[in-house]
Amino acid sequence: MTGASTYDLTGKRVFVAGHRGMVGSAVVRRLASENCTVLTADRRELDLTKEEPTLRWLEANRPDVVVHAAAKVGGIAANNNFPVDFLCDNLALELSVIRASHAVGVRRLLFLGSSCIYPKHAKQPMAESELLTGPLEPTNEWYAIAKIAGLKMCQAYRRQYGDDFISVMPTNLYGRGDNYHPDHSHVPAALIRRFHEAKLANAPSVSVWGTGTPLREFLNVEDLADACVFLLKHYSSDQPINVGSGDEVSIAEFAMTIAEVVGYEGSLIFDTSKPDGAPRKLLDSSRIQVLGWRATTSLREGLASAFEDFLQGHGRHFTVSRAS
Ligand code: GFB
């Protein structure tokens, strides 16, 4: 069962929940080349964790399609240090957005999950069938449980009401609009910022968290947005679907690539007091590939463009000065 289906976005009203985040903003950019109307709600206008206002907003704006990209996200340290926020904020967003979407009769909903829903020691590459086959990685189990609950809500609405709600599981993401907080970000943004600042300061070395041995697969957010639009048009199933790039590297290799992209020539020091997290997270993306989609951005070109976006100040929660 491939889940292949056809849905025409032409003339549809598409609400992107979380349009200011890295994923939501990329989906808005990608939808601009579709013949549809994109709807967004400013955070000051609508708190998506509150179901009643969300329901009223959806009733007033009547989307045909919802992309649920609103989430509390962060890197390994943020996940580890703020378990309540990652669990409760994400559950609140899912309950509110998914229930309200059902209540107003939304035709298609795309829920964004994460590869951390799969067990810490899942068989690699991780197929969708690995879900709930073993214990989760402890640094991000709170976030993972919330994302599993969102996926299960989509399955439950499909089973009980026949709603066409799908779940998409992206691998580790990077790109335009990332969060460059020094402690709370994911590794791509953290290292782009740290290497850039070290270069400006002529620092002899830069700290990289953990042992450098974990393996990660990185996907540019523009590719993910393209996959989301592809899946809105071509996928309908209760089964989640993985979206990866196949670009797998060790954190040590990744850090060296970022140093090259940024132009930093000092040395790397691995800070083993910081956690490694999951030893390996490579998605099996064969199901989306069979449907006809593949990522097209190479890791090096994607990181070069992420660095340029960082220099232009498109990231959030940071200030930066350009190297002279
Ligand atoms: O990106 P990251 O926080 O995500 O860390 P996870 C990936 C790897 O990079 C870990 C190492 O092995 C980190 O120890 N790393 C090295 C660093 N230097 C740094 C640094 O300066 N900052 C960060 N953040 N990492 C996340 C989950 O786990 O994966 C999220 O916590 C989400 O919930 C995301 O699911 C996809 O891959 O370890």
Side-chain angles (χ1 to χ4, degrees), residues 7 9 11-32 34 36-74 78-79 82-114 142-168 170 177 179 181 184 221 224-225 228-229 231-232 316-317:
Y7 183 79
L9 285 174
K12 300 294 189 321
R13 295 168 65 77
V14 184
F15 173 45
V16 180
H19 72 288
R20 304 209 25 120
M22 178 170 73
V23 172
S25 58
V27 171
V28 169
R29 284 194 294 281
R30 175 59 186 80
L31 284 170
E34 298 294 317
C36 63
T37 303
V38 178
L39 309 173
T40 58
D42 198 85
R43 194 177 276 224
R44 283 163 303 185
E45 183 192 345
L46 174 61
D47 178 353
L48 286 169
T49 64
K50 303 278 186 297
E51 192 170 342
E52 271 308 306
T54 302
L55 183 59
R56 284 199 296 277
W57 193 92
L58 290 176
E59 276 168 352
N61 290 278
R62 288 278 158 199
D64 304 290
V65 177
V66 170
V67 176
H68 182 14
K72 170 83 180 174
V73 296
N79 271 266
F82 307 110
V84 174
D85 298 2
F86 279 84
L87 180 63
C88 299
D89 289 6
N90 286 307
L91 286 174
L93 285 163
E94 290 157 11
L95 281 169
S96 162
V97 173
I98 298 173
R99 283 209 292 215
S101 296
H102 166 75
V104 302
V106 163
R107 307 292 303 167
R108 299 264 289 149
L109 179 142
L110 185 152
F111 170 68
L112 279 144
S114 163
W142 322 95
Y143 180 71
I145 290 281
K147 289 294 180 183
I148 292 170
L151 175 170
K152 287 288 164 193
M153 283 182 70
C154 291
Q155 288 181 337
Y157 274 104
R158 182 180 288 268
R159 177 175 297 194
Q160 192 169 332
Y161 298 107
D163 289 344
D164 195 355
F165 292 179
I166 61 171
S167 298
V168 175
N179 174 358
H181 189 284
H184 301 159
V221 73
L224 173 66
C228 288
V229 172
L231 292 167
L232 279 175
R316 292 168 292 131
H317 312 302

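Atom CG of Asp85 and atom CG of Asn79 lie 10.5 Å apart (nearest 0.5 Å). Here the straight-line distance linking atom CD1 of Ile145 with atom NZ of Lys152 works out to 12.0 Å at 0.5 Å rounding. With rounding to the nearest 0.5 angstrom, the CG atom of Asn61 is 10.5 Å from the CD atom of Glu59. To the nearest 0.5 angstrom, Glu52 atom CD is 13.0 Å from Asp47 atom CG. Rounding to the nearest 0.5 Å places CZ of Arg29 at 12.0 Å from NE2 of His19. Note: Leu109 CG to Arg158 CZ = 10.5 Å, rounded to the nearest 0.5 Å.
Counting all heavy atoms, side chain and backbone alike, His184 lies closest to Ala78 at O-CB, 3.7 Å. The two residues Glu45 and Ala41 make their nearest non-hydrogen contact at OE1-CA, 3.9 Å. Pairing each heavy atom of Ala146 with each of Leu91, the nearest pair is CA-CD2, 3.9 Å. Summarising the geometry of Pro170 relative to Gly113, their closest heavy-atom pair is CD-O, 3.3 Å, with the distance given to 0.1 Å. For the pair Ile98 and Phe111, the tightest heavy-atom approach, listed with the atom from each and the gap, is CD1-CD1, 4.3 Å. Between Trp57 and Thr40, the closest heavy-atom pair is CZ2-O, 3.6 Å.
Every pair passing side chain to side chain donor-acceptor pair (under 3.5 Å) that includes a residue from residues 86-99 is listed here, sequence neighbours excluded: Glu51-Arg99, Thr54-Ser96.
Of the possible donor and acceptor atoms, one in the side chain of Arg108 sits under 3.5 Å from a partner among the backbone N and O of Leu232. Here the side chain of Arg62 pairs a donor or acceptor atom with the backbone of Val104 at under 3.5 angstrom.
For an aromatic pair to be called close, the ring centres must be under 6.0 Å apart, and Tyr161 with Tyr157 satisfies this.
A salt bridge is absent between Arg107 and Asp64: the closest approach of a Lys/Arg side-chain nitrogen to an acidic carboxylate oxygen does not fall below 4.0 angstrom.
Taking 4.5 Å as the limit, some side-chain heavy atom of Leu9 sits within range of a side-chain heavy atom of Val229. Contact check for Cys228 versus Leu112: side-chain heavy atoms found under the 4.5 Å cut-off.
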Asp164/Tyr7 under side chain to side chain contact (heavy atoms under 4.5 Å, CB included): CA gap, chis, key distance, verdict: CA-CA 11 Å; Asp164 195 355; Tyr7 183 79; 5.6 Å; no
Going by atom type alone, with no hydrogens or angles, which donor-acceptor pairs under 3.5 Å involve a side-chain atom of residues 66-74 and a protein atom two or more places apart or on another chain?
none

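The only member of Asp42, Thr49, Leu48 that meets side-chain contact (heavy atoms from CB on, under 4.5 Å) when paired with Leu46 is Leu48.
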